[in-house]
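This chain uses plain numbering: 1 for the first residue, then up along the sequence.
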Amino acid sequence: MMTDTIEFFKRYTRQSRSPWADVSRVVMMFQPESKQGIYLHLGESGINGVSLSKDLQSRLPKALQSQYIKASDIDVVLHLFETEISEYCNHNVSSEAFKRIFLVDQQGFFSDESKAVWKKSYQQFLAS
């Protein structure tokens, strides 16, 4: 039976299916009804990239429409899915758990300044 909840942070006990050498993942957004999600993949030295469920990939620019997105393009994903990610993290993740991963709470992470950076990265990606 599938569950409606998912661990925010999970250290892998087996090999990840991602193309990277992941040791853990962080749930950035999860929709229990559809089981769709956005996951941050972490390696020994930091962020490897992000993965998106199939139905969410169509919202990405054509050049990024893939399950796995490299770390350098995470700002594009954060910009496009900011509302869903923010709502999920604010309603389903404790401030303590969020700060253990991102060093700031949800209010700091989803600040207007952060959103401006994500938007600028998105615009630069489209212009390139």
Side-chain angles (χ1 to χ4, degrees):
M1 183 167 92
M2 293 293 280
T3 180
D4 286 349
T5 61
I6 190 168
E7 293 175 80
F8 174 62
F9 173 83
K10 181 177 181 179
R11 182 166 297 283
Y12 293 134
T13 56
R14 60 173 174 75
Q15 179 68 35
S16 170
R17 290 180 284 184
S18 84
W20 307 296
D22 299 344
V23 295
S24 58
R25 64 102 178 103
V26 173
V27 178
M28 298 300 292
M29 191 272 294
F30 178 69
Q31 300 169 334
E33 325 75 55
S34 63
K35 307 297 185 215
Q36 299 295 304
I38 299 174
Y39 307 92
L40 189 64
H41 294 264
L42 306 175
E44 291 291 341
S45 60
I47 298 171
N48 289 333
V50 67
S51 64
L52 287 84
S53 299
K54 190 167 187 69
D55 290 351
L56 301 175
Q57 296 169 29
S58 64
R59 291 179 46 193
L60 295 170
K62 271 262 191 263
L64 284 183
Q65 287 185 3
S66 171
Q67 180 177 3
Y68 298 104
I69 310 298
K70 60 188 178 186
S72 59
D73 293 321
I74 287 177
D75 284 356
V76 174
V77 174
L78 289 170
H79 172 70
L80 291 171
F81 293 95
E82 180 272 319
T83 300
E84 294 95 329
I85 293 171
S86 176
E87 286 177 5
Y88 178 82
C89 289
N90 280 307
H91 292 99
N92 298 285
V93 181
S94 72
S95 291
E96 295 80 30
F98 198 88
K99 284 173 78 170
R100 273 195 302 274
I101 301 299
F102 296 106
L103 306 177
V104 297
D105 64 11
Q106 291 92 321
Q107 185 177 355
F109 189 85
F110 296 105
S111 67
D112 289 341
E113 291 83 4
S114 294
K115 292 175 191 177
V117 169
W118 301 338
K119 182 177 182 178
K120 182 177 179 181
S121 293
Y122 172 71
Q123 291 168 336
Q124 289 173 338
F125 180 85
L126 293 179
S128 63

**Report entry** Pairs meeting criterion side-chain hydrogen bond (donor to acceptor under 3.5 Å, both in side chains) with involvement of residues 37-47, two or more places apart
**Finding:**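 Found D22-H41, H41-S51.
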Would you call [X] and [Y] a side-chain contact if the rule is heavy atoms closer than 4.5 Å?
X	Y	answer
M29	L56	yes
R11	V23	yes
Y122	P61	yes

Report task. Kindly write out the residues that satisfy salt bridge (charged side-chain N to carboxylate O under 4.0 Å, His left out) with R100, not counting sequence neighbours, or none if the list is empty. Result ->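 Not a single residue meets the salt bridge (charged side-chain N to carboxylate O under 4.0 Å, His left out) criterion with R100.
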Can you name the closest pair of heavy atoms from [X] and [Y] and give their distance?
X	Y	result
G49	W20	CA-CH2, 3.7 Å
S66	L60	O-CD1, 4.2 Å
S53	G37	OG-N, 2.7 Å
K54	Q36	N-OE1, 3.9 Å
G108	S114	O-OG, 3.7 Å
F9	S24	CE1-OG, 3.5 Å

Excluding sequence neighbours, so at least two apart, what forms side-chain contact (heavy atoms from CB on, under 4.5 Å) with [X]?
X	result
I47	L40, L42, A71, I74
Q106	C89, N90, V93, S95, F98, F110
P19	Y68

Query raised in the report: Distance from E84 atom CD to I38 atom CD1, nearest 0.5 Å?
Result: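 Rounded to the nearest 0.5 Å, the CD-CD1 separation comes out at 7.0 Å.
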Query - R17 CZ to Q67 CD distance, which is reported to the nearest 0.5 Å - result: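 So the gap between those two atoms works out to 8.0 Å.
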Query raised in the report: So V77 and M28, side-chain contact (heavy atoms from CB on, under 4.5 Å) or not? Walk me through it.
Result: CA-CA 11 Å; V77 174; M28 298 300 292; over 6 Å; no
Query raised in the report: Can you check whether V76's main-chain N or O pairs, donor with acceptor, with S121's side chain at less than 3.5 Å?
Result: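 The answer is no, because no donor-acceptor pair under 3.5 Å joins these two groups.
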Query raised in the report: S86 side chain to T83 main-chain N or O, any donor-acceptor pair under 3.5 Å?
Result: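 Between the backbone of T83 and the side chain of S86 there is no qualifying donor-acceptor contact (under 3.5 Å).
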Query raised in the report: With sequence neighbours left out, which residue pairs that include part of residues 106-128 fulfil the salt bridge (charged side-chain N to carboxylate O under 4.0 Å, His left out) condition?
Result: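 Counting only pairs at least two positions apart or across chains, the salt bridge (charged side-chain N to carboxylate O under 4.0 Å, His left out) contacts touching residues 106-128 are E82-K115.
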Requested in this report: Kindly say whether the aromatic ring centers of W118 and F125 come within a distance under 6.0 Å.
Outcome: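 No: the rings miss the under 6.0 Å criterion.
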Query raised in the report: Applying the 4.5 Å side-chain criterion to the ILVMFWY set and letting contacts propagate, would L126 and F81 be lumped into a single cluster?
Result: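 Result: yes, single cluster for both.
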**Report entry** Geometric class of the Y88/F30 ring pair [parallel <30°, tilted 30-60°, perpendicular >60°]
**Finding:**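 Plane angle over 60°, so perpendicular.
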Requested in this report: Give a yes or no on this: more than 12 heavy atoms of other residues, nucleotides or ligands lie within 6.0 Å of atom CD of Q65.
Outcome: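 Check passes, neighbour count above 12.
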